**Student:** 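Quick one: structure below, then a few questions.
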Amino acid sequence: MLLIHIGWLMNRKFRFRYDNIFVVVACAIIGFEVASMLGGVNLNSNTYKDILQIIVASPAILYCIMYLGKKIENTLVGKSLARIGRDSFYIMALHLAGMKVCTMALHASKMGGGMLSSLTPSVGNNIVLLIIYLISGIGIPLIFMFFFRKLRSLIL
């Protein structure tokens, strides 16, 4: 809750514009320093060394991320990420189906991908398979939703 409140303060109360390169460099240095002194943060398992690590590093890194986001918002990459963000609910709901389709396609083509019964087989150190699964986990749900919306608009 504290981090949500800090983010709200940055955006609503202080109205940061996220356009100052000097602040980005300072925030990146702060984030790097905190990470190198105290180690990484693993929020999924709720492990961190010190509450100060969260309070200092999170807003600093958030400023860096918002700065990068502001720089790419009008590019093709930014528009693609915005599209993925708008459909993130459907991606979360259907990403396993997309990965299963990818597993079946890889198995049929004899390119790998583990056993056919696996929902999402382990890719190990194979970066190419990881990228293929990433693209299918995002792309197949987006394609499904595109055709679903087209079909719905034709029916209605």
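Since the structure is predicted, the reported quantities are computational estimates derived from the model, not experimental observations.
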**Student:** Compile the donor-acceptor pairs under 3.5 Å between side chains in residues 64-75 and protein atoms, sequence neighbours left out, one pair per line.
**Tutor:**
| from | atom 1 | to | atom 2 | distance (Å) |
| --- | --- | --- | --- | --- |
| Thr75 | OG1 | Ile72 | O | 2.7 |
| Thr75 | OG1 | Gly78 | N | 3.2 |

**Student:** Which heavy atom of Gly98 sits nearest a heavy atom of Ile140, and at what distance?
**Tutor:**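 Scanning both residues, the minimum pair turns out to be O-CD1, 3.4 Å.
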**Student:** Would Leu151 end up clustered with Phe146 when hydrophobic side chains under 4.5 Å apart are linked, directly or stepwise?
**Tutor:**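 No, Leu151 does not connect to Phe146 through the hydrophobic network.
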**Student:** Tell me whether Ile84 is reachable from Phe89 by hopping between hydrophobic residues (I, L, V, M, F, W, Y) whose side-chain heavy atoms are closer than 4.5 Å.
**Tutor:**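 Looking at the clustering, Ile84 is in a separate group from Phe89.
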**Student:** Which value, rounded to the nearest 0.5 Å, describes the distance between Asn11 atom CG and Tyr18 atom OH?
**Tutor:**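 Between Asn11 CG and Tyr18 OH, I get 3.5 Å after rounding to 0.5 Å.
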**Student:** Roughly how far apart are Leu142 CG and His95 NE2, rounded to 0.5 Å?
**Tutor:**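 Atom-to-atom, Leu142:CG and His95:NE2 are 13.0 Å apart.
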**Student:** Quick one: does any side-chain atom of Ser36 pair with a main-chain N or O of Glu33 as donor and acceptor, under 3.5 Å?
**Tutor:** yes
**Student:** Would you compute the distance between atom CZ of Phe148 and atom CG of Leu94 and round it to the nearest 0.5 angstrom?
**Tutor:** 10.5 Å
**Student:** If you measure from CD1 on Ile132 to CD1 on Ile127, what distance do you get to the nearest 0.5 Å?
**Tutor:**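 Rounded to the nearest 0.5 Å, the CD1-CD1 separation comes out at 11.0 Å.
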**Student:** Is it the case that more than 12 heavy atoms not belonging to Arg149 sit under 6.0 Å from its CZ atom?
**Tutor:**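 Enclosed: over 12 neighbouring heavy atoms sit under 6.0 Å from CZ of Arg149.
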**Student:** Among residues two or more places apart or on two chains, list those pairs meeting side chain to side chain donor-acceptor pair (under 3.5 Å) that have a residue in residues 19-32.
**Tutor:**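 Applying side chain to side chain donor-acceptor pair (under 3.5 Å) to every pair that reaches into residues 19-32, excluding sequence neighbours, yields Arg17-Asp19.
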**Student:** Is there a chain of hydrophobic side chains (I, L, V, M, F, W, Y, each step under 4.5 Å between heavy atoms) that links Ile135 to Leu129?
**Tutor:** yes
**Student:** For Gly31 versus Ala60, what's the shortest heavy-atom pair and its separation?
**Tutor:** N-CB, 4.5 Å
**Student:** For Phe16 and Tyr63, take the angle between the two ring planes, folded into 0 to 90°, and tell me which bin it lands in: parallel under 30, tilted 30 to 60, perpendicular over 60.
**Tutor:** perpendicular
**Student:** Do Ile138 and Phe147 share a hydrophobic cluster (ILVMFWY, side-chain heavy atoms under 4.5 Å, transitive)?
**Tutor:**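 No, it is not one cluster - the side chains of Ile138 and Phe147 are not joined through contacts under 4.5 Å.
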**Student:** Can you tell me how far the CD1 atom of Ile4 sits from the CG atom of Leu9, to the nearest 0.5 Å?
**Tutor:** 12.0 Å
**Student:** Which atom pair, heavy atoms only, marks the closest approach of Gly137 to Met99?
**Tutor:**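 So the two residues come closest at CA-CG, 4.1 Å.
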**Student:** Run the side-chain contact (heavy atoms from CB on, under 4.5 Å) test on Ser58 and Leu62 for me, step by step, so that the C-alpha distance in whole Å, both residues' side-chain angles and the decisive distance to 0.1 Å come before the verdict.
**Tutor:** CA-CA 6 Å; Ser58 295; Leu62 180 62; 6.0 Å; no
**Student:** Which heavy-atom pair separates Cys27 from Ile61 by the least distance, and what is that distance?
**Tutor:**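 Scanning both residues completely, I find the closest heavy atoms to be O-CD1, 4.4 Å.
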**Student:** Given the rule in the side-chain contact (heavy atoms from CB on, under 4.5 Å) test, do Leu106 and Tyr133 qualify, once you have shown the distances and angles that lead to the verdict?
**Tutor:** CA-CA 10 Å; Leu106 286 173; Tyr133 278 108; 3.8 Å; yes
**Student:** To the nearest 0.5 Å, what is the distance between CZ on Arg83 and CE on Met145?
**Tutor:**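 Output value for this atom pair is 9.0 Å.
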**Student:** In the single-linkage hydrophobic clustering (I, L, V, M, F, W, Y; side-chain heavy atoms under 4.5 Å), do Phe32 and Phe22 co-cluster?
**Tutor:**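 Shared cluster, no.
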